[in-house]
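Taking it in order: structure first as structure tokens, then the write-up.
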Amino acid sequence: MAKERRQITVLNPIVPLSFFQQDVLDVAPQLLGKYIVRKIKNESIRHIVTEVEAYRGEEDLACHASKGKTPRTRIMYLSGGHIYVYFVYGMYYMLNIVTAEEENPQAILIRGTNEVSGPSRLTRALQIDKTFNEKKLMPETGLWIEESGISLPYKTTPRIGVNYAKEWKNKLWRYVAL
DNA sequence: AGCAAGATCGGT
DNA sequence: CCGATCTTGCTG
């Protein structure tokens with residue numbers, strides 16, 4: 001007689017797209033401690049988000065949308081939960097999550113996890129490139145966010161690499177888990 | 001069509 | 001501190 005086996009696979013709840021459809025300054029700190037999950041073939045890579053930055057609207061000179069709606073920035077005008085990936089310095093992919101409602105251009109740059117430090121290292125580790133651009137955070141995409149039940153304490157600092165952004169460079173919109 | 005700058009990283 | 005490397009948006 002076969003031994004009875006119960007499959008006790010405790011799944012972390014998937015964070016719904018609606019979570020991202022609120023102001024970026026509310027969403028960004030809440031993202032710390034959550035899992036970012038990347039499924040490649042049969043393997044699921046799970047990192048804990050530890051560092052993010054908020055980019056908020058056309059008036060924010062550090063935000064790409066400060067140039068208005070262009071071929072590149074139109075992704076930021078989609079509803080929260082869309083994925084915005086862009087290419088910089090000729091070699092690096094940056095992963096962002098769009099927030100807020102449609103036509104309100106905001107996004108969160110994911111800068112680091114418990115496994116990697118630096119936004120480009122993250123996309124390298126999770127094998128994320130421009131093919132994810134404009135897709136949504138969901139299992140079908142191969143990239144999504146899961147609840148962890150943990151809310152990490154954090155500090156805020158100015159955003160990195162945006163010294164061109166006049167007074168906006170001083171906004172404390174970088175959130176780093178302690 | 002040409003140009004300057006960029007939400008970075010790794011090596012001096 | 002500096003170079004790599006190429007997309008993007010702006011200028012003309």
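Below, chains carry the letters A, B, ... as their sequence lines are ordered, and counting in each starts from 1.
- No single ILVMFWY cluster, assembled from side-chain heavy atoms under 4.5 Å apart, contains both A/L109 and A/L126.
- Applying the side chain to side chain contact (heavy atoms under 4.5 Å, CB included) criterion to A/L61, with sequence neighbours excluded, gives A/S66, A/A165, A/K166, A/W168.
- Residues forming a side chain to side chain donor-acceptor pair (under 3.5 Å) with A/T70 (at least two apart in sequence, or on another chain): A/T73.
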Practice problem: Give the dot-bracket string for DNA chain B, reading 5' to 3', where a pair is Watson-Crick or G-U wobble with both distances under 3.5 Å, ( ) marks pairs inside the strand, [ ] marks pairs crossing earlier ones, | marks a partner on another strand, and . marks unpaired. | Solution: ||||||.||||.

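- Protein chain A contacts DNA chain C over a range whose 5' and 3' limits, counting nucleotides with an atom under 4.0 angstrom from a non-hydrogen atom, are C/dA4 to C/dG9.
- Applying the ring pair (Phe, Tyr, Trp, His ring centres under 6.0 Å) test to residues at least two apart or on different chains, the pairs with a partner in residues 118-164 of chain A are A/Y154-A/Y175.
- Residue pairs that meet the side chain to side chain donor-acceptor pair (under 3.5 Å) test with at least one member in residues 25-45 of chain A, sequence neighbours left out, are A/K34-A/E147.
- Residue contacts shown for A/K169 are absent, as no nucleic acid heavy atom lies under 4.0 Å away.
- By the side chain to side chain donor-acceptor pair (under 3.5 Å) test, A/Q127 is found to be paired with no residue, residues two or more places apart in sequence or in another chain being considered.
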Under 3.5 Å, which donor-acceptor pairs link side chains of residues 91-101 of chain A to any protein atom two or more places apart or in another chain?
residue : atom : partner : partner atom : Å
A/N96   : ND2  : A/Y84   : O            : 3.2
A/T99   : OG1  : A/Q106  : OE1          : 2.9
A/E101  : OE2  : A/N104  : ND2          : 3.3

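- Within the structure, salt bridge (charged side-chain N to carboxylate O under 4.0 Å, His left out) pairs that include any residue of residues 73-90 of chain A comprise A/R74-A/E134 (at least two apart or interchain).
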Practice problem: Can you check each nucleotide of nucleotides 2-12 of chain B against protein heavy atoms at under 4.0 Å and return B for base, S for sugar-phosphate only, - for none, in 5' to 3' order? | Solution: ----BBBBS--

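- A/N170 pairs by the side chain to side chain donor-acceptor pair (under 3.5 Å) definition with nothing, not counting sequence neighbours.
- With sequence neighbours excluded, the residues satisfying side chain to side chain donor-acceptor pair (under 3.5 Å) with A/Y77 are A/E58.
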